[in-house]
Peer 1: 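Provided herewith is a single structure, encoded as structure tokens, for subsequent inquiry.
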Amino acid sequence: MAVLLNRSRLDVGAVAHGSRVRFVGLVRDVGQPQLFVQADDSYVETTPHRVEALPAQTAWAKEHDHVAPPELAPAARKAKRRLEDESSAETEDADAILPPPAPATRIVEAAKVTAPPLAPRVFEVIVRAYGGEQWKVNHVYEFIGDLDLTPQATSDDMDIEWQDADTAVVKEKAQVLEFIPTLHAKEFHELPFGHEVGYSSELPTTWAMAQWEQRMGTPVGVDAVRAALLEFLTATVTHGDALAAEYLLLVLLSRVYNRSDVSMPFGHLSLNLIWPDMTDENFATIERALHLVVPTCLSVNLSLAGLHDALYFPQKDYDIEYLHSGLLQLPDGSMLLVNEANMTTGQLDDKATHNIAALMTLVEHQALPYDFRFYKKEFNQDTKVLCVSKTKSMLPTTLFVPLRPTQAQETSWTEAWLECFRIYLAAYRHAVADLGEAGASLAEQWYVAKRKEDATVGADDLHRLVRVARLHAVSVGHETVSEADWNHVVAMQEQVKARMSS
């Protein structure tokens with residue numbers, strides 16, 4: 001059985017060179033295909049991928065990843081190709097094989113930001129693909145293969161031109177890269193959101209109900225799980241505000257299911273909770289509660305110091321051909337929790353300015369700019385955003401909801417219920433509810449009536465309400481938006497409007 005590869009096991013020597021290992025990680029960068037000479041003088045093609053242990057993973061999700069599955073899913077692919085199948089490709093020029101087109105759709109002016117010093121703050125593995133395989137950047141995979149602890153031949157693998165750079169500086173940076181372990185992948189499997197709880201894409205709602213019954217010991221329906229999750233969110237995250245909790249639930253279920261030609265995402269939902277009296281302890285309570293139900297959650301403190309110190313977006317270092325990871329570079333489905341309460345007046349340097357720009361782009365367009373020094377290019381992501389602030393956020397979130405907290409409620413939830421919440425979020429996030437003819441008619445009637453009352457109501461308001469209605473229908477297990485669903489979200493919006501004007 002393959003042993004799970006992580007930093008702690010590698011540091012204490014628990015995993016030996018040549019061991020069969022299993023590694024779960026996020027693909028950060030893809031190198032150029034190369035040809036290796038084998039012992040029998042034959043050639044084999046390989047593509048190096050820089051893969052990082054899943055960032056911002058919560059404690060329960062890490063524990064689940066430590067449990068090895070009995071076998072890879074049927075969709076798992078063999079990464080090794082027999083050498084005789086490679087013989088026909090030996091004469092090909094590997095350097096001419098280019099990666100697939102990047103998913104970015106816009107190119108903007110490059111940020112003039114100094115590259116950060118390279119530090120071994122994350123656990124990375126160079127995963128080598130064989131047989132022409134190439135994996136996607138920002139996708140999560142499980143790899144099984146042989147561990148190679150031979151120091152990296154940086155001048156070869158990273159294609160460093162020593163004579164064209166400051167040799168001393170480059171060598172100092174390359175020392176860190178030299179000892180990144182290598183995994184020669186034999187099998188791989190792309191992991192969907194919810195893999196930590198064993199999410200199954202075949203009849204996900206049926207799978208979810210079977211899992212709920214297994215954990216609770218009795219049949220449990222979606223209405224009961226949804227109601228319990230709302231109670232949990234109300235008591236822990238929104239401090240007694242049921243309306244804010246319901247909007248947060250829809251954020252947790254949202255995902256980008258399509259994009260227009262100009263990279264405008266459809267389906268995502270971001271939320272700004274406006275809490276004038278919020279304290280650091282209040283934010284910590286929100287953070288702890290969300291960590292119990294989501295697999296990956298990154299907290300960002302929008303203070304002057306934080307903006308100046310961190311690097312929010314990936315940045316290329318051409319001296320060593322290394323793409324520095326960005327703080328906001330997260331797996332699809334991750335939760336981004338932004339604390340805007342500590343923002344103060346002050347001067348922002350270039351790095352902080354570009355960090356803010358990257359965050360705003362991610363919130364509005366669900367894309368993250370990558371800095372390639374001479375230009376910037378945006379790569380699509382799918383990140384759920386919750387921003388908590390004392391006044392209306394400067395971030396372009398979809399929804400702005402003033403929080404009405406009551407006295408904090410101390411509640412305890414069993415691990416069985418927490419597992420049910422995680423399964424619900426995994427299964428129903430993949431569901432889609434159509435607007436349908438009845439829903440479209442209701443939306444049209446609402447828009448016409450509102451335009452008569454208020455000429456400032458526009459198409460964006462209609463699209464936002466339709467998005468919320470579809471997510472509400474998903475949350476209750478409906479395949480199309482019913483009249484009850486539509487009336488419910490209209491009533492929710494009226495409550496928010498009343499709060500904003502009070």
Side-chain angles (χ1 to χ4, degrees), residues 26-27 56 100-108 136-140 190 192-194 247-272 294-298 300 312-314 326-338 355-370 376-387 393-401 425-426 428-435 439-440 443 458-475 481 489 493:
L26 179 72
V27 176
T105 57
R106 293 181 292 175
I107 297 179
V108 295
K136 300 175 183 177
V137 173
N138 274 358
H139 285 236
V140 178
E190 184 171 356
F193 177 83
Y247 274 116
L248 176 58
L249 173 62
L250 303 186
V251 171
L252 293 174
L253 291 174
S254 66
R255 68 180 177 92
V256 178
Y257 62 84
N258 199 2
R259 290 180 184 268
S260 68
D261 293 338
V262 293
S263 190
M264 181 60 66
F266 296 115
H268 82 291
L269 199 68
S270 53
L271 174 64
N272 172 214
V294 299
T296 49
C297 182
L298 174 69
V300 173
Y312 283 13
F313 50 90
L327 187 65
L328 301 181
Q329 194 179 7
L330 298 168
D332 284 350
S334 297
M335 187 79 197
L336 178 61
L337 181 57
V338 182
N355 277 340
I356 285 289
L359 177 58
M360 297 184 74
T361 300
L362 178 62
V363 173
E364 185 173 12
H365 298 288
Q366 289 295 291
L368 187 65
Y370 285 44
K376 291 180 69 176
K377 197 172 186 180
E378 293 178 2
F379 285 76
N380 295 334
Q381 284 192 195
D382 187 357
T383 306
K384 297 169 285 194
V385 180
L386 171 63
C387 175
S393 174
M394 65 177 177
L395 300 178
T397 56
T398 315
L399 302 168
F400 299 88
V401 178
L425 294 176
Y428 283 81
R429 180 182 180 272
H430 291 89
V432 176
D434 294 327
L435 185 59
D460 288 343
D461 299 294
L462 175 61
H463 295 159
R464 185 184 306 111
L465 191 59
V466 167
R467 193 183 314 176
V468 173
R470 294 178 65 165
L471 284 169
H472 174 74
V474 165
S475 75
V481 176
V489 298
Q493 179 173 274

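Scope of the values below: all heavy atoms of this structure, side chains included, with no hydrogens, waters or symmetry mates.
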Peer 1: Measuring from Lys384:NZ to Ser270:OG, what's the distance to the nearest 0.5 Å?
Peer 2: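 Output value for this atom pair is 13.0 Å.
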
Peer 1: Could you tell me which non-hydrogen atom of Phe313 sits nearest to which non-hydrogen atom of Ala358, and how far apart they are?
Peer 2: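 Between these two residues, the closest heavy atoms are CD2-CB, 3.9 Å.
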
Peer 1: Do the side chains of Leu330 and Thr296 get nearer than 4.5 Å, heavy atoms only?
Peer 2: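 Result no, sub-4.5 Å side-chain heavy-atom pair not found.
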
Peer 1: Checking side-chain contact (heavy atoms from CB on, under 4.5 Å) for the pair His268/Arg467: CA distance, chi angles, key distance, verdict?
Peer 2: CA-CA 8 Å; His268 82 291; Arg467 193 183 314 176; 3.8 Å; yes

Peer 1: When rounded to the nearest 0.5 angstrom, what distance separates CG in Leu249 from CG in Leu271?
Peer 2: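 Leu249 atom CG to Leu271 atom CG measures 11.5 Å (nearest 0.5 Å).
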
Peer 1: Quick one: does any side-chain atom of Asp382 pair with a main-chain N or O of Val256 as donor and acceptor, under 3.5 Å?
Peer 2: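 Yes: the side chain of Asp382 pairs with the backbone of Val256.
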
Peer 1: Within the structure provided, determine whether Thr398 and Arg464 are in side-chain contact (heavy-atom separation under 4.5 Å).
Peer 2: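 The answer is yes; the side chains approach within 4.5 Å.
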
Peer 1: Closer than 3.5 angstrom, by distance alone: can the side chain of Arg470 be matched with the main-chain N or O of Leu435 as a donor-acceptor pair?
Peer 2: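 No.
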
Peer 1: Check whether any side-chain N or O of Gln381 sits under 3.5 Å from a backbone N or O of Leu328 as a donor-acceptor pair, and report yes or no.
Peer 2: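 The answer is yes, because a donor-acceptor pair under 3.5 Å joins these two groups.
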
Peer 1: Nearest heavy-atom pair of Arg259 and Pro265: which atoms, and what distance?
Peer 2: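 Taking Arg259 first and Pro265 second, the nearest heavy atoms are NH1-CB, 3.8 Å.
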
Peer 1: Please enumerate all residues that pass salt bridge (charged side-chain N to carboxylate O under 4.0 Å, His left out) together with Asp332, with sequence neighbours excluded.
Peer 2: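 Partners of Asp332 under the salt bridge (charged side-chain N to carboxylate O under 4.0 Å, His left out) test: none.
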
Peer 1: Let me confirm one number: the CD-CG distance from Gln493 to Asp461, rounded to the nearest 0.5 Å.
Peer 2: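 Answer for the CD-CG pair, Gln493 versus Asp461, is 7.0 Å.
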
Peer 1: Start with the C-alpha gap between Phe379 and Gln329, add the side-chain angles, then the distance that decides, and say whether side-chain contact (heavy atoms from CB on, under 4.5 Å) holds.
Peer 2: CA-CA 10 Å; Phe379 285 76; Gln329 194 179 7; over 6 Å; no

Peer 1: To the nearest 0.5 Å, what is the distance between CG on Asp460 and CG on Leu465?
Peer 2: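 Going from the CG atom of Asp460 to the CG atom of Leu465 covers 12.5 Å.
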
Peer 1: Flag the pair Phe193 / Pro331 as yes when at least one side-chain heavy-atom distance between them is below 4.5 Å, and no otherwise.
Peer 2: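 The answer is no; the side chains never approach within 4.5 Å.
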
Peer 1: With rounding to the nearest 0.5 angstrom, report the CG to OG1 distance, Leu368 to Thr361.
Peer 2: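 The CG atom of Leu368 sits 8.0 Å away from the OG1 atom of Thr361.
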
Peer 1: Answer yes or no: is there a side-chain heavy-atom contact under 4.5 Å between Leu425 and Leu253?
Peer 2: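 Side chain of Leu425 against side chain of Leu253, heavy atoms only: contact under 4.5 Å found.
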
Peer 1: Please test Arg429 against Leu252 for side-chain contact (heavy atoms from CB on, under 4.5 Å), starting from the C-alpha separation and ending with a verdict.
Peer 2: CA-CA 8 Å; Arg429 180 182 180 272; Leu252 293 174; over 6 Å; no

Peer 1: Side-chain contact, heavy-atom cut-off 4.5 Å: Met360 with Leu395?
Peer 2: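 Met360 reaches Leu395 side chain to side chain.
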
Peer 1: With sequence neighbours excluded, what pairs up with His463 under the side-chain hydrogen bond (donor to acceptor under 3.5 Å, both in side chains) test?
Peer 2: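 Counting only residues at least two positions away or on another chain, His463 forms no side-chain hydrogen bond (donor to acceptor under 3.5 Å, both in side chains).
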
Peer 1: If you compare all heavy atoms of Ala426 against all heavy atoms of Gly194, which two are closest, and at what distance to 0.1 Å?
Peer 2: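 Ala426 and Gly194 have their closest heavy atoms at CB-CA, 3.8 Å.
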
Peer 1: What is the minimum heavy-atom distance between Asn355 and Tyr312, and which atoms define it?
Peer 2: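 Distance-wise, the nearest heavy atoms are OD1-N, 2.9 Å.
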
Peer 1: Indicate yes or no for a side-chain donor-acceptor contact from Asn272 to the backbone of Thr397 under 3.5 Å, with no hydrogens or angles considered.
Peer 2: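 No, the answer is negative, given that no donor and acceptor are paired below the 3.5 Å cut-off.
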
Peer 1: If I compare all heavy atoms of Ala367 with all of Asn380, which pair ends up nearest, and what's the gap?
Peer 2: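 The answer is CB-OD1, 4.0 Å.
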
Peer 1: Report the distance from atom CZ of Arg255 to atom CD of Gln366, rounding to the nearest 0.5 Å.
Peer 2: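 One finds 13.0 Å between CZ of Arg255 and CD of Gln366.
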
Peer 1: State, to 0.1 Å, how close Met335 and Val385 come at their nearest heavy-atom pair, and which atoms those are.
Peer 2: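 That would be CE-C, 4.3 Å.
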
Peer 1: Evaluate the side-chain contact (heavy atoms from CB on, under 4.5 Å) criterion for residues Leu336 and Leu359: first the C-alpha distance (whole Å), next the side-chain angles of each, then the deciding distance (0.1 Å), finally the verdict.
Peer 2: CA-CA 10 Å; Leu336 178 61; Leu359 177 58; 3.8 Å; yes

